[in-house]
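Note that the structure is a prediction, hence the values are computed from the model and not measured. Both ligands and their constituent atoms are indexed starting at 1 by order of listing. What's counted below: heavy atoms across the whole structure, side chains too, no hydrogens, waters or symmetry copies.
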Amino acid sequence: MKTLKVGIVGTGYAAKKRAEAILADKRAELVYVTGNSPEKIQDFCRTFSITGIDSWQQLINRAELDLIFVCTINRDHGAIASAALEASKHVVVEYPLALDFSEAAALLPLAASKNKLLHIEHIELIGGLHQAMKQHLSDIGNVFYARYITIAPQREVQASWKYHREMLGFPLAAALSRIHRLTDLFGEVETVTCRDRYWDVPNTDYFKACLCNAQLHFCNGIIADITYGKGDVFWHGQRTFEIHGDRGTLIFEGQKGTLVRDKEKMEIPVVSRRGLFTKDTTMILDYLTNNVPLYVEPEASLYALKVAEKARQASATGQVIKVISNN
Ligand code: NAP
Ligand code: BLA
């Protein structure tokens, strides 16, 4: 069997996790990497004994490559994925597929026309928290309300892509897993409201903190609140997911899960968040070598991105925005 030759765009956390996973799997061979700075590319090449390339445009056109991992800043995902598909490569993108919904939507038919894989990583779905939540959803009766809060305080915020409006994108598109966890559990969304706020660094596109608060009204009547905040205005970190049903409540605080019912309070074990990029990489190679179906379809990621786009419109206009499934 031919080994799949792989190129990676990016040298950060996700890229390193991918490189480790590829090196540990005989079905693939890591060949090239490119990134944002020569020093980081060089370090990466030294660590993984591979070859550095100056630009992503050159990398995706290397004839010997079969598979490209897009592990760079959100702003560039769509352009790189598009060019890589045009060059007839299989493509894996760390979420989001693109920041712009229409740009992302065009990539699905492109992948199909090229007969190539387009996989958008959504490691949150294969993580312990989501699996535990799914497993226990039937224990709480009819769900009517969910609340998902992630707040990450950060002292001395540096000028990085994660605090830059264009490079990061709209917070709920950038942190797409927040919406995606909910659409995976509860299905289609009818309407969205949203407010966001930035604490800007004057005269730049950088900010030191942001807060984004959306409410999703699902077609089945469930209401869900999403709060996403990060930066130097926050002093207490939080990662809380609550689901309220008419027979019980599921509460996850960090990795600690609890089921509350009547007089009963039961602890729910949650598997750690480590190893998810490896799991995702293994499943990609299972698909490409043995046709084993992947755990998520690009359509599901695209739908979450559509809801994020509607949330962006809601916050820009202050209006309730409809999310209609056929546009
Ligand atoms: P990261 O560690 O900050 O790495 C970011 C990469 O982008 C680095 O190679 C960095 O290069 C490069 N970069 C920074 N500024 C750039 C610019 N202006 N132009 C071009 N490239 C630039 O971030 P990460 O956590 O790996 O995230 C990468 C992607 O994976 C993001 O889309 C993120 O949403 C997604 N993702 C990450 C995780 C996770 O657990 N980390 C999970 C799901 C999805 P330099 O260091 O040389 O600047
Ligand atoms: C998601 N983690 C992300 C994303 C970024 C980071 C940029 C994508 C955007 C988002 O959903 O917010 C970055 N995460 C970090 C950084 C740390 C971190 C810099 O925890 C610093 C410690 N990711 C990691 C580490 C783990 C990790 C160390 O960098 C866990 C051991 C897991 N990150 C992780 C998971 C997701 C994610 C599971 C998917 C999002 C989710 O679960 O909802």
Note: heavy atom closest to atom 11 (O) of ligand 1, options V93, N36, L97, N74, belongs to N36
Against heavy atoms of L276, which atoms of ligand 2 measure under 4.0 Å?
38 (C)
Among the heavy atoms of F277, does any lie under 4.0 Å from an atom of ligand 2?
no
For the side chain of H136 and the backbone of I268, is there at least one donor-acceptor N/O pair under 3.5 Å apart?
no
Under 3.5 Å between any N/O of E94 and any N/O of ligand 1: does that happen in this structure?
no
Top protein contact for atom 11 (O) of ligand 2, by heavy-atom distance
Y95 OH, 2.5 Å
For atom 31 (C) of ligand 2, the closest protein heavy atom turns out to be R274 NH1, 3.6 Å
Check: Y206 ring centroid to Y163 ring centroid under 6.0 Å:
no
Dump the intermediate steps for ring-ring contact (aromatic ring centres under 6.0 Å, His included) on Y295 and H119, then the final yes or no.
CA-CA 10 Å; Y295 66 92; H119 170 66; 5.6 Å; yes
Minimum distance, heavy atoms only, to atom 44 (C) of ligand 1: which one of R18, K40, R75, E121 is it?
E121
Please report which non-hydrogen protein atom sits nearest to atom 7 (O) of ligand 1, along with the residue it belongs to and the distance in Å to one decimal place.
T72 OG1, 3.4 Å
side-chain hydrogen bond (donor to acceptor under 3.5 Å, both in side chains) evaluation trace for E64 with Y32
CA-CA 10 Å; E64 64 268 50; Y32 297 122; 2.6 Å; yes
Return the residue, atom name and 0.1 Å-rounded distance of the protein heavy atom closest to atom 26 (C) of ligand 2.
Y13 OH, 3.6 Å
Which class fits the ring pair F186 and F218: parallel under 30°, tilted 30 to 60°, perpendicular over 60°?
perpendicular
With only distance considered, is P96 within less than 3.5 Å of ligand 1 through an N or O on each side?
no
Please state which part of E94 comes within less than 4.0 Å of ligand 2, counting heavy atoms only: side chain, backbone, both or neither.
neither
Contact partition for A175 relative to ligand 2, non-hydrogen atoms under 4.0 Å:
both
Can you confirm, on distance only, whether ligand 1 has an N/O atom lying under 3.5 Å from any N/O atom belonging to D76?
no
Among non-hydrogen protein atoms, atom 27 (O) of ligand 1 lies closest to W161 CZ2, 3.8 Å
Please list the nearest protein heavy atom to atom 15 (C) of ligand 2 with its residue and the distance rounded to 0.1 Å.
K162 NZ, 4.8 Å
Between C71 and ligand 1, which residue portion shows a heavy-atom distance shorter than 4.0 Å: side chain, backbone, both, or neither?
backbone
